[in-house]
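Here is the structure we will look at.
Throughout, numbering of the chain's residues begins at 1 and tracks the sequence.
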Amino acid sequence: MNQVSELSGVAGVTGVSEGAGVPEEPDAREVTVSLSVTGPDRMRELGRALAALLRPGDLLVLTGELGAGKTTLTRGIGEGLNVRGPVTSPTFVIARVHPPLGDGPPLVHADAYRLGGDLEELEDLDLDAALAESVVVVEWGEGRVEGLAEDRLHLVLRHPDGAPDEQRVVTLTGHGARWAGARERLAALGRGTA
């Protein structure tokens, strides 16, 4: 991993790196930021702040254990996008569309957990059709939805070993040209989330 800098003075930012997970030459179109978040209110706050960076066509892939905060983060994104809610876990309905209450894009919130590995089930959701005009968030989508868009934001939520129960580290990795220049904007999301 090519460590670019350690940001100080930005609450909640634990490190910023480009090309994370790429063993050889880093892809100049990949940027990674890790943020420390304490508690569900701060996770929702992070989602609201992230929503300000989102636009139609954005695909967000959320990864994390049960209870990591994926739905709480998505709830904040929905609040920030000002969509009709409530944003709840789509586990049993697989996908929900939340129309905008104003001029913003709709939020499509999908949960690939129950889809197993069946690509046909995923294709039946028509996420690729919704992507052009919506912000699409897919929980448990790692390894399943990356083919929908070259430009995507992958968020990994984890509970660090030995940390308090409410502590989470959220690692955001932007892939593609859409996120290539977003390092500072993503790092700024850490303000106020610690």
Margin query: I want to check something: taking the side chain as every heavy atom from C-beta on, are Pro106 and His98 in contact at a cut-off of under 4.5 Å?
Written below: no
Item checked: Asp58 side, atom CG; Leu107 side, atom CG - distance, nearest 0.5 Å -> 11.5 Å
Checklist line | N/O donor-acceptor pair under 3.5 Å between Arg168 side chain and Ala68 backbone | finding: yes
Notebook entry, point to check: Given side chains that start at C-beta, do those of Ile77 and Val87 come closer than 4.5 Å, heavy atoms only?
Noted result: no
Item checked: Audit row: Arg55, Arg178, side chain to side chain contact (heavy atoms under 4.5 Å, CB included) steps and yes/no -> CA-CA 10 Å; Arg55 62 184 186 210; Arg178 161 78 171 100; 2.8 Å; yes
Note to self: Please determine whether side chain to side chain contact (heavy atoms under 4.5 Å, CB included) holds for the pair His159 and Glu65, giving the CA-CA distance in whole Å, both sets of side-chain angles, and the decisive distance to 0.1 Å.
What the structure shows: CA-CA 9 Å; His159 179 258; Glu65 296 297 320; over 6 Å; no
Next item on the list: Might you point out which heavy atoms bring Pro105 and Val135 nearest each other, and give the distance in Å?
Entry: CG-CG2, 3.8 Å
Item checked: Within-4.5 Å side-chain heavy-atom neighbours: Thr171 and Thr32 -> yes
Check: Sequence neighbours excluded, which residues qualify as salt bridge (charged side-chain N to carboxylate O under 4.0 Å, His left out) partners of Arg48?
Finding: Glu79
Next item on the list: Decide yes or no for Val108 and Val137: does some side-chain heavy atom of the first lie under 4.5 Å from some side-chain heavy atom of the second?
Entry: no
Note to self: Once side-chain hydrogen bond (donor to acceptor under 3.5 Å, both in side chains) is applied, do any residues pair with Thr71, and if so which ones, sequence neighbours excluded?
What the structure shows: Glu139
Margin query: Is any side-chain heavy atom of Arg152 closer than 4.5 Å to one of Leu60?
Written below: no
Item checked: Side chain proximity check, Leu172 to Leu35, heavy atoms < 4.5 angstrom -> yes
Note to self: Would the distance check show the side chain of Asp151 and the main-chain N or O of Ala177 forming a donor-acceptor pair, the cut-off being under 3.5 Å?
What the structure shows: yes
Item checked: 4.5 Å side-chain heavy-atom contact, Val170 and Arg158 -> no
Check: So how far is it from Leu153 CG to Leu54 CG, rounded to the nearest 0.5 Å?
Finding: 7.5 Å
Margin query: Taking side-chain contact (heavy atoms from CB on, under 4.5 Å) as the criterion, tell me which of Met43, Arg44, Glu166, Glu45 meets it with Val37.
Written below: Met43
Notebook entry, point to check: How long is the gap from CG on Leu157 to OG1 on Thr63, to the nearest 0.5 Å?
Noted result: 8.5 Å
Notebook entry, point to check: Which is it for Val138 and Asp111 under the side chain to side chain contact (heavy atoms under 4.5 Å, CB included) test, yes or no, and what are the steps along the way?
Noted result: CA-CA 6 Å; Val138 183; Asp111 188 330; over 6 Å; no
Next item on the list: Grab the two heavy atoms, one from Glu146 and one from Gly141, that are nearest each other, plus how far apart they are.
Entry: OE1-O, 3.8 Å
Item checked: Sidechain-backbone polar pair: His175 side chain, Trp179 backbone, donor-acceptor under 3.5 Å -> no
Check: Which atoms form the tightest heavy-atom contact between Ala132 and Pro56, and what is the distance?
Finding: O-CB, 3.6 Å
Check: What's the spacing between Leu73 CG and Leu50 CG if we round to 0.5 Å?
Finding: 6.5 Å
Checklist line | Shortest non-hydrogen separation from Lys70 to Leu62 and the atoms involved | finding: O-CD2, 3.4 Å
Checklist line | From Thr173 atom OG1 to Leu155 atom CG, the distance as rounded to the nearest 0.5 Å | finding: 8.0 Å
Margin query: I want to check something: taking the side chain as every heavy atom from C-beta on, are Leu46 and Leu189 in contact at a cut-off of under 4.5 Å?
Written below: yes
Note to self: How long is the straight-line distance from OG of Ser89 back to CG of Leu66, given to the nearest 0.5 Å?
What the structure shows: 9.0 Å
Note to self: With a 4.5 Å cut-off on side-chain heavy-atom distances among I, L, V, M, F, W and Y, is there a chain of contacts connecting Val145 to Val156?
What the structure shows: no
Margin query: Please find the pair of heavy atoms, one from Trp140 and one from Ala112, that lie closest to each other, and give the distance.
Written below: O-CB, 3.4 Å
Item checked: Side chain Gln167, main chain Pro164, donor-acceptor under 3.5 Å -> no
